[in-house]
Amino acid sequence: MLLRKLSTFGGAAKTFAKVVPTNLKGKSKSSQEWLTRQLRDPYVERAKMMNYRCRSAFKLLEIDSKYGLVKPGHTVIDCGASPGSWTQIAVKQSNADGGLPGKPKGMVVGVDLLQIYPIEHAILFGNSDFLRKETQDKIRASLGERRVDCVLSDMAPNASGIRALDQENITTLCYAVLRFAILMSTPNASLLMKVWDNGDVPKLEKSILEYYKTVKRVKPRASRDDSAENFILARGFVGIER
């Protein structure tokens with residue numbers, strides 16, 4: 001079902017490619033470019049039609065449909081959750097909403113430095129810095145005795161324009177997510193987190209491989225062609241002893 005929906009985007013791209021914004025007067029050049037790109041983006045329109053909070057929903061949908069990351073009964077942590085589209089998908093796929101009768105109900109916890117408006121059947125920590133110990137303690141407390149089956153991270157720092165600094169900042173976020181996943185994951189758990197292409201990524205992948213059976217880089221079709229964005233997918237958590 002998900003794959004069939006995703007396959008329609010080729011036609012959608014042609015439908016929306018010629019849209020031109022008419023409300024650009026008085027806006028900066030960067031704002032004009034952003035508005036133009038948004039209006040020409042078929043994923044933006046499709047997100048509205050399917051009631052997802054933003055186009056990034058389709059990145060997770062594509063990866064999950066291919067690799068089966070989130071299943072009924074899973075406990076999922078969504079880092080960098082705002083505005084909430086990945087959390088929306090995790091709630092459905094984990095059956096946290098009870099929408100799949102007879103299947104185990106999962107649990108979804110979302111956290112972000114920004115505000116997150118409520119999402120039914122999800123526990124949300126908005127205005128919370130994931131890098132701070134007290135934030136991670138709150139997440140642990142909300143889990144009770146549960147261990148985590150899947151850690152998702154779409155986190156990225158605000159771009160400074162200084163390439164080396166931006167690379168360092170997103171790598172710091174990735175290692176923080178990795179450390180949390182190592183401490184909280186159940187055997188065979190998965191990890192998916194965003195990176196920007198840079199020279200530190202191979203070293204990060206090597207670090208992750210110490211704790212997971214497989215590690216690979218994936219770039220879903222919903223990631224824009226001009227973006228340096230990739231996602232590291234790690235599967236089969238083997239624990240700390242290895």
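Values in this document were obtained by computation on a predicted structure and should not be read as measured data.
Applying the side chain to side chain contact (heavy atoms under 4.5 Å, CB included) test between Val109 and each of Leu124, Val148, Ile123 identifies Ile123 as the sole match.
When the side chain to side chain donor-acceptor pair (under 3.5 Å) test is applied to Lys133, the partners found at least two apart in sequence or on another chain are Asp137. In this structure, the salt bridge (charged side-chain N to carboxylate O under 4.0 Å, His left out) partners of Lys92, at least two apart in sequence or on a different chain, are Asp97. Scanning for side chain to side chain donor-acceptor pair (under 3.5 Å) contacts around Thr75 gives Arg146, with sequence neighbours left out.
Leu114 and Ile116 end up in different hydrophobic clusters when Ile, Leu, Val, Met, Phe, Trp and Tyr side chains are linked at under 4.5 Å. Taken together through direct or relayed side-chain contacts under 4.5 Å among Ile, Leu, Val, Met, Phe, Trp and Tyr, Tyr212 and Val195 form part of one hydrophobic cluster. In the hydrophobic clustering of ILVMFWY residues, with side-chain heavy atoms under 4.5 Å counting as a link, Ile170 and Phe180 come out apart. When the side chains of ILVMFWY residues are joined at heavy-atom separations under 4.5 Å, either directly or via intervening members, Leu143 and Ile182 end up in a single hydrophobic cluster. Grouping the Ile, Leu, Val, Met, Phe, Trp and Tyr side chains by contacts below 4.5 angstrom, directly or via other members, places Leu178 apart from Trp196.
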Subject >> Worked verdict on Ser185 versus Tyr211 for side chain to side chain contact (heavy atoms under 4.5 Å, CB included) >> reply: CA-CA 11 Å; Ser185 290; Tyr211 307 100; over 6 Å; no
Subject >> CA sep, side-chain torsions, deciding dist, call: Phe125, Ile139, side chain to side chain contact (heavy atoms under 4.5 Å, CB included) >> reply: CA-CA 8 Å; Phe125 297 105; Ile139 296 172; 4.1 Å; yes
Subject >> Audit row: Arg140, Leu183, side chain to side chain contact (heavy atoms under 4.5 Å, CB included) steps and yes/no >> reply: CA-CA 10 Å; Arg140 291 188 183 96; Leu183 294 175; 3.8 Å; yes
**OP:** Would you sort out whether Lys71 and Asp149 count as a salt bridge (Lys or Arg N to Asp or Glu O under 4.0 Å), showing the intermediate values?
**Re:** CA-CA 9 Å; Lys71 299 177 181 178; Asp149 298 286; over 6 Å; no
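If you check the side chains of Asp166 and Ser160, you find a donor sitting under 3.5 Å from an acceptor. No hydrogens or angles considered: a donor-acceptor pair under 3.5 Å links the side chains of Ser56 and Ser85.
Side-chain contact between Ile63 and Leu69: present, with at least one pair of heavy atoms (C-beta onward) separated by less than 4.5 Å. Between Leu113 and Leu131 the shortest side-chain heavy-atom distance does not fall below 4.5 Å. Lys213 has its side chain within reach of Asn188: a pair of non-hydrogen atoms, C-beta onward, lies under 4.5 Å apart. In this structure the side chain of Ser190 never reaches within 4.5 angstrom of the side chain of Tyr67, judged on heavy atoms. For the pair Gln136/Phe130, a side-chain contact is recorded, criterion being any heavy-atom separation below 4.5 Å from C-beta on. For the pair His121/Val108, no side-chain contact is recorded, criterion being any heavy-atom separation below 4.5 Å from C-beta on.
Closest approach of Asn95 and Lys103 over heavy atoms only: ND2-O, 3.1 Å. Between Ala81 and Thr87, the closest heavy-atom pair is CB-OG1, 3.6 Å. Gln167 and Asp197 make their closest contact through NE2-O, 3.8 Å (heavy atoms, listed as atom of the first residue, atom of the second, distance).
Taking CE from Met184 and CD1 from Ile77, the interatomic distance works out to 7.0 Å, rounded to the nearest 0.5 Å. Between the CD atom in Glu205 and the CG atom in Leu209 there is a gap of 9.0 Å [rounded to 0.5 Å]. His74 NE2 to Thr186 OG1: the interatomic distance, rounded to the nearest 0.5 Å, is 9.0 Å. Taking NZ of Lys219 as the reference point, atom NZ of Lys59 lies at 8.5 Å (rounded to 0.5 Å). Here CG of Leu100 is found 11.0 Å from NZ of Lys105. Values are rounded to the nearest 0.5 Å. Going from atom CD1 of Ile208 over to atom CE of Met193 covers 3.5 Å, rounded to the nearest 0.5 Å.
In this structure, Trp86 and Phe231 have tilted ring planes: the angle between them lies in the 30° to 60° band.
For Arg163, the CZ atom sits in a loose shell: 12 or fewer heavy atoms of surrounding residues, nucleotides or ligands are nearer than 6.0 Å. Taking a 6.0 Å sphere around CD of Glu134, one finds it holds more than 12 heavy atoms contributed by other residues, nucleotides or ligands. Heavy-atom contacts from other residues, nucleotides or ligands closer than 6.0 Å to CZ of Arg217 number more than 12.
Under the 3.5 Å distance criterion, the side-chain polar atoms of Asp64 are matched with a main-chain donor or acceptor of Val70.
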